[in-house]
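Written out below as structure tokens is the structure these notes cover.
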Amino acid sequence: MKTDLYVVGIGPGGIEGMTIEAYKVLEKCDVLAGYTTYAELVKDSFPNKEWIVTPMRKEKERCILALESAENGKTTAMICSGDSGIYGMAGLILELSKDYSNVNVRVIAGVTAAASGAAVLGAPLMHDFCCISLSDWLTPMEKIEKRLRMAAEGDFVICLYNPSSRVRKDYLKRACEILLETLDENTACGVVRNIGREGEMSELMTLGRLKDYEADMFTTVFIGNKTTELDDVRKIMLTKRGYDTK
Ligand code: SAH
């Protein structure tokens, strides 16, 4: 009989942001695997599990350890923040799993940062939107820049993941400069940091100001479309879907 390897999105932060399905899966697993930071978020809730914890950039090693654990008959979960299929580990696990004949991979959905961050800001994603990661570790910069231009051209609400890191300090600035080729500098924007975690904070601003905003690697950025508005009194970012014209 095959053993299950679950790829589980734990949502933005701790237990509260996790789906009941994800929680139940983690409860029944023998082994939990994950990147150090995410493991820390949920470790206290699952103290009696065997843990496989590896640092960032060791994704392939971590996936192989999880696959081997399941191959050896232990029900295992690979945990990811947000949703495991959105800049997470679901894809790599599925790619690698073809070499593990005793493993049955099952993906469990989670609340991605676009959704949890949008809820903090109000309702910025009410209309067509796209997610773009500014990380050029696995994607060439030219492709990222093209996607930014096309998204602006299409008047999408844009949600930026990975807006910054220690080695990519000025990427958000560059992204804003590209968007400003098409979009007005007064375009409504919002940023959310540490969603669902200690130190959660959000801020509303224009695209002109976002250009000089110092994001970190736990920030998700929202850039509105032509109908998006900021309400500075209620502190919300709102994209109207158009009901008022019907
Ligand atoms: N699988 C994750 C995304 C991983 S990519 C998901 O579905 O949410 C990492 C990026 O996601 C971060 O750089 C940040 O832009 C965003 N992110 C993930 N968790 C976050 C959180 N708790 N608060 C703010 N941004 C977050």
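Computed from heavy atoms alone, side chains included, the values below leave out hydrogens, waters and symmetry copies. Every number for a ligand or one of its atoms is a count from 1 in the order of the listing. Keep in mind that this is a model prediction, so the values were computed, not measured.
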Under a 4.0 angstrom heavy-atom cut-off, which atoms of ligand 1 come close to M217? 12 (C), 13 (O), 14 (C)
Can you confirm, on distance only, whether ligand 1 has an N/O atom lying under 3.5 Å from any N/O atom belonging to R193? no
Donor-acceptor under 3.5 Å (T206 side chain, R209 main chain): yes
G34 versus R62, closest heavy-atom pair with distance: C-CD, 3.5 Å
Mind running salt bridge (charged side-chain N to carboxylate O under 4.0 Å, His left out) on E185 and K211 for me, showing each step along the way? CA-CA 9 Å; E185 65 173 5; K211 185 157 70 74; over 6 Å; no
Atoms in ligand 1 flagged as close to P163, the criterion being non-hydrogen separation under 4.0 Å: 15 (O)
For F218, the atoms of ligand 1 under 4.0 Å from one of its heavy atoms are 23 (N), 24 (C), 25 (N)
Should A113 be counted as touching ligand 1, given the test is an N or O pair under 3.5 Å? yes
How far is atom 3 (C) of ligand 1 from its nearest protein heavy atom, and which residue and atom is that? I86 O, 3.6 Å
Atoms of ligand 1 under 4.0 Å from any heavy atom of N194, numbered from 1 in the order shown, are 23 (N), 24 (C)
Nearest non-hydrogen protein atom to atom 9 (C) of ligand 1, with distance, is N162 OD1, 3.3 Å
For the student: nearest non-hydrogen atoms of W51 and A39, plus distance: CZ3-CB, 3.7 Å
Looking only at heavy atoms of G117, does any of them come nearer than 4.0 Å to an atom of ligand 1? no
In Å and rounded to the nearest 0.5 Å, what is the OG to OH distance from S133 to Y171? 11.0 Å
Quick check: P12 and ligand 1, any N/O pair under 3.5 Å apart? yes
Polar-atom distance check: Y38 versus ligand 1, any N or O pair below 3.5 Å? no
Side chain D83, main chain G110, donor-acceptor under 3.5 Å: yes
With a heavy-atom distance limit of 4.0 Å, tell me whether S116 approaches ligand 1 through its side chain, its backbone, both, or neither. neither
Heavy-atom nearest neighbour in the protein, as seen from atom 7 (O) of ligand 1, with distance rounded to 0.1 Å: T112 OG1, 2.6 Å
Does Y161 approach ligand 1 within less than 4.0 angstrom via side chain, backbone, both or neither, non-hydrogen atoms only? both
A student checking ligand 1 against S81 at a 4.0 Å heavy-atom cut-off should list atoms 1 (N), 2 (C), 6 (C), 7 (O)
N/O of I195 under 3.5 Å from N/O of ligand 1, yes or no? yes
For I79, run the side-chain contact (heavy atoms from CB on, under 4.5 Å) check against V25, V42, V7 and tell me which one passes. V42
E177 CD to L148 CG distance, which is reported to the nearest 0.5 Å: 11.5 Å
Of the backbone atoms (N, CA, C, O) and the side-chain heavy atoms from C-beta on, which set of V221 has a member under 4.0 Å from an atom of ligand 1: side chain, backbone, both, or neither? neither
Can you find a non-hydrogen atom of C80 under 4.0 Å from ligand 1? no
Spell out, as yes or no, whether a donor-acceptor pair under 3.5 Å connects the side chain of D184 to the backbone of N186. yes
